[in-house]
Amino acid sequence: MTETSQTQIIQKNIETSKEELQRAFLKDELIIFFTRVQEDLQTKKEDLFGRLKELFSVIFPYEEITRDFIFEKIGNGEFEGDGGIKFDKEEKAMLIDFCNNLDKNINFKNFHGANAAAKKYLIELNRKYLPNMSLLIEPFLVGKLISFFGGIDNLYKKPASTIQLIGAEKAFFRFKEREAKEGKPPKYGLIYRANTIQKAKNKGKKARQLANKLSIAIKLDYFQKFCR
Amino acid sequence: MSEKTKKPTLRKLNLEWNAYRSKWKSALDRKLSVDLKGDENILYLGASTGSTISHIRKKTKGIIFAVEKSPKMMVELMKLAIKSDNIAPIFADARNVEEIKKRLFKKKIDILFQDIPSPDQVEMLSNAAQLVDKDCRIFLSLKIISVAHWDPETVLKKTEEKLKEHFKITESASLEPFHKKHYFYVLKKK
Ligand SMILES: C[S@@+](CC[C@H](N)C(=O)[O-])C[C@H]1O[C@@H](n2cnc3c(N)ncnc32)[C@H](O)[C@@H]1O
């Protein structure tokens, strides 16, 4: 009697957690993926196994992800697994198309094609899931911000001051060390690369304004497109 | 046997319950009364990937209710739960006492353990303590620098004042050198 009820309690908890976990995987995974792929391509990294493994571990959370496993799924155009994130038709088509640029060792065989696909799909995904952020900065920077925090559900809570400086940690610590002697605190981090800042005369002021707008845009996107 | 073959492999090291990787184990090594009798139901808050739970689960026939809120950690915990027979994974915030209550199915909890570095560690623990009876053994692994950036003595003093509002502190010890700036408390509900 007690034995079965113990088993039932465990089973119910496993089932419930499995369903809830499935809903907790967010589509920003795909945005992070195409962003990091672009970085890999910039540094001429050939092997995409690690990258794809990150993505496949939310598509097939309960499977062991090997090169063969990935190659087989890519070959079948299969991007849906037990308890994993649910991509729509469009998103699956993106992955199928992108993966055409890989060989059976999960290395790039067509750098140019892969880069073009990653760029194009990052733009499309940004439009779809981050319409407010996309109005303010380039798709790659949107992706960098999200990937820096490991997901939009970490990013949306951050204050503007953090968004302004993120990616400038090195400069910040250098400043801290020399504080007494010389130097000014860094005014901008990652977002410094944004077009609007590059064009601005007073870059510090512009960075502050942009960070303020971004912190609002991120919250809007999160609550409109991601909130469960 | 040559020197070389005697050396433990990395795999072996990972399988052993290691005080440097587990606060529970280091509390045990510190001679705190955190050992198991063998039939306890445990509510474990901050389960992470289940590295401590993978050892604890062999020491009890009861259920380990394992609460974790990070999806990435939870996936690993789920895999462990699926291949074990006494882990009930709960994907929830440890502050969500209502949800956790539902998931316990009225089981009596014998040990409540919390290992969640956060400024509100004590509040989280006293809220969760609603779910257990007076005779429940309560363990807290406190990460001093996560509570506040004051000097450690002040943090401990304030923490203990707060703890005493809800609990009796029966034992306590620093977890150095296994875990830097960590303190462990064995508590009972008042
Ligand atoms: C220090 S680790 C726990 C390590 C684990 N006890 C072990 O020994 O194997 C803390 C864990 O608590 C989780 N966590 C943080 N805040 C939480 C919350 N509010 N509710 C539940 N889990 C939380 C973190 O994701 C992390 O996995």
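This structure is a prediction, so every number in the text was calculated from the model and none was measured. Every chain is numbered from 1, with letters handed out A, B, ... down the list of sequences.
Counting only residues at least two apart or on different chains, the salt bridge (charged side-chain N to carboxylate O under 4.0 Å, His left out) pairs with a member in residues 74-91 of chain A are A/Lys18-A/Asp82, A/Lys27-A/Glu91, A/Lys73-A/Glu78, A/Glu80-A/Lys92, A/Asp88-A/Lys128, A/Glu90-A/Lys128, A/Glu91-A/Lys128. Sorted by first and then second residue, the salt bridge (charged side-chain N to carboxylate O under 4.0 Å, His left out) pairs involving residues 42-53 of chain B (not counting sequence neighbours) form an empty list.
Of the two parts of A/Glu29, only the side chain, counted from C-beta on, holds a non-hydrogen atom closer than 4.5 Å to a non-hydrogen atom of chain B. With a 4.5 Å cut-off on non-hydrogen atoms, B/Glu68 does not touch chain A at all. Only the backbone of B/Lys61 comes within less than 4.5 Å of a heavy atom in chain A; its side chain stays farther off. Proximity to chain A (any heavy atom under 4.5 Å) is shown, for B/Ile82, by both the backbone and the side chain.
Side-chain contact between A/Asn13 and B/Phe105 is present, with heavy atoms from C-beta onward closer than 4.5 Å. The closest side-chain heavy-atom distance from A/Asn107 to A/Leu102 is not below 4.5 Å.
Of the listed residues (B/Ile63, B/Ile87, B/Leu104, B/Asp85), the one with the most heavy-atom contacts under 4.5 Å to chain A is B/Ile63. The choice from B/Ala88, B/Ala92, B/Pro89 that makes the most heavy-atom pairs within less than 4.5 Å of chain A is B/Pro89.
B/Thr170 and B/Arg137 are not linked by any side-chain donor-acceptor pair at a separation below 3.5 angstrom, with hydrogens and angles left out of the test.
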Original post:
What's the verdict on ring pair (Phe, Tyr, Trp, His ring centres under 6.0 Å) for A/Phe34 and A/Phe98, showing C-alpha distance, side-chain angles and the deciding distance?
Top reply: CA-CA 10 Å; A/Phe34 283 123; A/Phe98 173 80; 5.5 Å; yes
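The two residues B/Ala47 and B/Leu77 make their nearest non-hydrogen contact at CB-CD2, 3.7 Å.
Annotation: residues 47-69 of chain A contacts chain B through A/Val58, A/Pro61, A/Tyr62, A/Glu63 [non-hydrogen atoms, separation under 4.5 Å].
At a threshold of 4.0 Å, the pair A/Glu138-A/Arg193 does not count as salt-bridged, since none of the basic side-chain nitrogens sits closer than that to a carboxylate oxygen.
A search for ring-ring contact (aromatic ring centres under 6.0 Å, His included) contacts involving A/Phe71 returns nothing, not counting sequence neighbours.
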